[in-house]
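So the structure is just underneath, and the comments pick up after that.
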Amino acid sequence: MKRTAVLAVSRTTLLRTAHDRTALFFMLLLPVGIIVVIGAVVGGFDQFRIAVVRPGDGAEAPIARSLATELDRSDGLKARTYGDESAARTALRRSETDAVVLLPPGLDTAVRAGRPVSVPVLVQESAAGGHAAVSSISAAVARHAAQVQAAHFAVAEAGGTFDQRLAQARTTEAHVAPIEVRSVSASGPSDILPLGYGYSTPTMLVLFVFINSLAGGAAIVQTRRSGVYERALAAPVTAGTLMLGETAAYLALALVQSALIVGIGALVFGVSWGNPLAAGLLIAVWALIGTGAGVLSGAVFRTPEQASAIGPAVGIGLGMLGGWMWPLALVPGWLRTAGHAVPHAWAVDSWTVLLSQNGGVTDILRNLIILSAFAAALLTLASFGLRRQLTGAAPGTRS
């Protein structure tokens, strides 16, 4: 009987949320929108925009075309082709591009004749991104030049035409295993989440599960003020049953939102969530933290408007302190210590271990224990707070 009553309370809360368009917007659409925006902005830090000005040789310049294609296919570059130099320079002045690559006229003729060719690169003197882009541009040009040198060498040693040997060099390169260059941090594994959507998606999960739960406390406040709990307690329903039902509903909502963010992150944005078991445990514990915060919000605030307005503001403030907006590894030591006074920092640290360091359950076990302690504290406070509201509203009711 008690379990049936708990499920009935949970079902009522879930149906109420499903019919609340505002709640669905904040739970589903807003997190995805912010993930896209922040992921695109942060992802731009490791990809440079370049303008490629092709010579006016048209279809008769296949080598220039292949170099432009090589630049566009480079991982660290996002190329756009311009028909004339003035338009590219204008884009550079407007900061629409980080660098301009000028492929000189007669490039094909000079390359075929074996003459050296200079490829000018224009950047803004005060823009650090442009100077950093030069390294990626130089690497792409060097890869293309290696094919050309191989073709000339083959022509000199074995004969044939330059075009034949160039095509052979490209085919051979495609079938030869490349030399792998690994970048290793001298101070150890990375303590920052991967850039792009690998950064925005887990941090948005941490943020929105928490603030939506806080804002969702408005529903409990509204139910209290409308007298629904009092009428329920007049029936053979205990305060504990109501508490368990509301807690189960808020936990289900937190888990559903977490699953949606994880699924969208993986399927749409290609986010790898690391070790499945460790990620699952972390999501479950964080959902419990959100549940405790949401029920506590419903017990503490006096009006729905307070819960809807103050709850998210508090959640965002705690999230910023805990490192959802910027890595705590980049802030002063005292601020990093202060950030770990809230659970968000431990959650972001755990995601960093899973996504940036390929960690597992044992690597985040300490963090999981600390997060579980936060969850237990919030759920305990929420339980006492809501029980007090229920029993205070209906004196003499069963607990």
Side-chain angles (χ1 to χ4, degrees), residues 6 9-10 13 202-203 205-221 224 238-258 278-302 306-307 310-324 328 334-353 361 363-392 399:
V6 170
V9 173
S10 299
T13 300
T203 53
L205 186 152
V206 170
L207 175 68
F208 275 99
V209 168
F210 193 83
I211 65 171
N212 279 338
S213 296
L214 283 175
I220 294 179
V221 179
R224 280 172 30 212
T238 65
T241 298
L242 293 176
M243 288 165 42
L244 285 174
E246 293 288 6
T247 302
Y250 275 69
L251 178 59
L253 290 172
L255 289 173
V256 167
Q257 184 178 28
S258 299
L281 290 173
L282 180 55
I283 289 169
V285 173
W286 189 252
L288 287 171
I289 288 177
T291 300
V295 177
L296 181 60
S297 168
V300 170
F301 290 115
R302 295 183 177 181
Q306 286 181 344
I310 300 176
V314 171
I316 292 174
L318 295 177
M320 293 174 67
L321 182 62
W324 75 268
L328 289 182
W334 66 268
L335 185 55
R336 191 179 311 120
T337 301
H340 283 84
V342 299
H344 302 69
W346 299 98
V348 174
D349 286 351
S350 299
W351 283 121
T352 302
V353 172
V361 175
D363 300 297
I364 64 169
L365 183 59
R366 173 173 170 267
N367 291 359
L368 288 175
I369 293 173
I370 294 173
L371 288 170
S372 298
F374 274 110
L378 286 170
L379 288 169
T380 301
L381 290 173
S383 175
F384 283 130
L386 187 56
R387 181 183 295 274
R388 180 182 177 185
Q389 292 288 348
L390 294 177
T391 55
S399 60

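Residues take their numbers from the sequence shown, with the count starting at 1. Only heavy atoms go into these numbers, but all of them, side chains included; no hydrogens, no water, no symmetry mates.
Nearest approach of Gly385 to Ala299, heavy atoms of both residues: C-CB, 3.5 Å. Between Gly322 and Leu328, the closest heavy-atom pair is O-CD1, 3.6 Å. Shortest non-hydrogen contact noted between Ala293 and Phe210 is CB-CE1, 3.7 Å. Among all heavy-atom pairs drawn from Ser213 and Thr291, the shortest one is OG-N, 4.3 Å. Closest of all the heavy-atom pairs between Val209 and Ala254 is CG1-CB, 4.0 Å. Closest approach of Ala345 and Gly339 over heavy atoms only: CB-O, 3.3 Å.
Rounding to the nearest 0.5 Å places CG of Leu288 at 10.5 Å from CG of Leu371. Of the inter-residue distances, the one linking Leu282 atom CG with Leu205 atom CG reads 8.0 Å to the nearest 0.5 angstrom. Rounded to the nearest 0.5 Å, atoms NE2 (His340) and CG (Asn367) are 7.5 Å apart. We find the CG-CD1 distance between Leu378 and Ile289 to be 7.0 Å, quoted to the nearest 0.5 Å. The structure places CD1 of Ile370 at 11.5 Å from CD1 of Ile364, a figure rounded to the nearest 0.5 Å.
For Ser383 (side chain) and Leu379 (main-chain N/O), no donor-acceptor pair under 3.5 Å exists by modelled atom type. The closest donor-acceptor contact from the side chain of Gln306 to the backbone of Arg302 lies under 3.5 Å. Side-chain atoms of Tyr250 do not come within 3.5 Å of backbone N or O of Ala287 as any donor-acceptor pair. Using modelled atom types, one side-chain atom of Arg224 and one backbone atom of Gly298 make a donor-acceptor pair closer than 3.5 Å. No side-chain donor-acceptor contact under 3.5 Å links Trp351 to the backbone of Thr203. Put simply, the side chain of Ser297 gets close to the backbone of Leu214: a donor and an acceptor are under 3.5 Å apart. Side chain of Trp286 to backbone of Ala347: no donor-acceptor contact under 3.5 angstrom is found.
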task: Please lay out, stage by stage, how Gln257 and Leu253 fare under the test side chain to side chain contact (heavy atoms under 4.5 Å, CB included).
output: CA-CA 6 Å; Gln257 184 178 28; Leu253 290 172; over 6 Å; no

query: Could you walk me through whether Ile220 and Glu246 pass the side chain to side chain contact (heavy atoms under 4.5 Å, CB included) check?
result: CA-CA 8 Å; Ile220 294 179; Glu246 293 288 6; 4.2 Å; yes

- request: Quick one: do Phe208 and Ile211 satisfy side chain to side chain contact (heavy atoms under 4.5 Å, CB included)? Show the steps, please.
  value: CA-CA 5 Å; Phe208 275 99; Ile211 65 171; 3.8 Å; yes

query: What do the steps show when you test Leu335 against Leu321 for side chain to side chain contact (heavy atoms under 4.5 Å, CB included), and what is the final call?
result: CA-CA 8 Å; Leu335 185 55; Leu321 182 62; 4.0 Å; yes

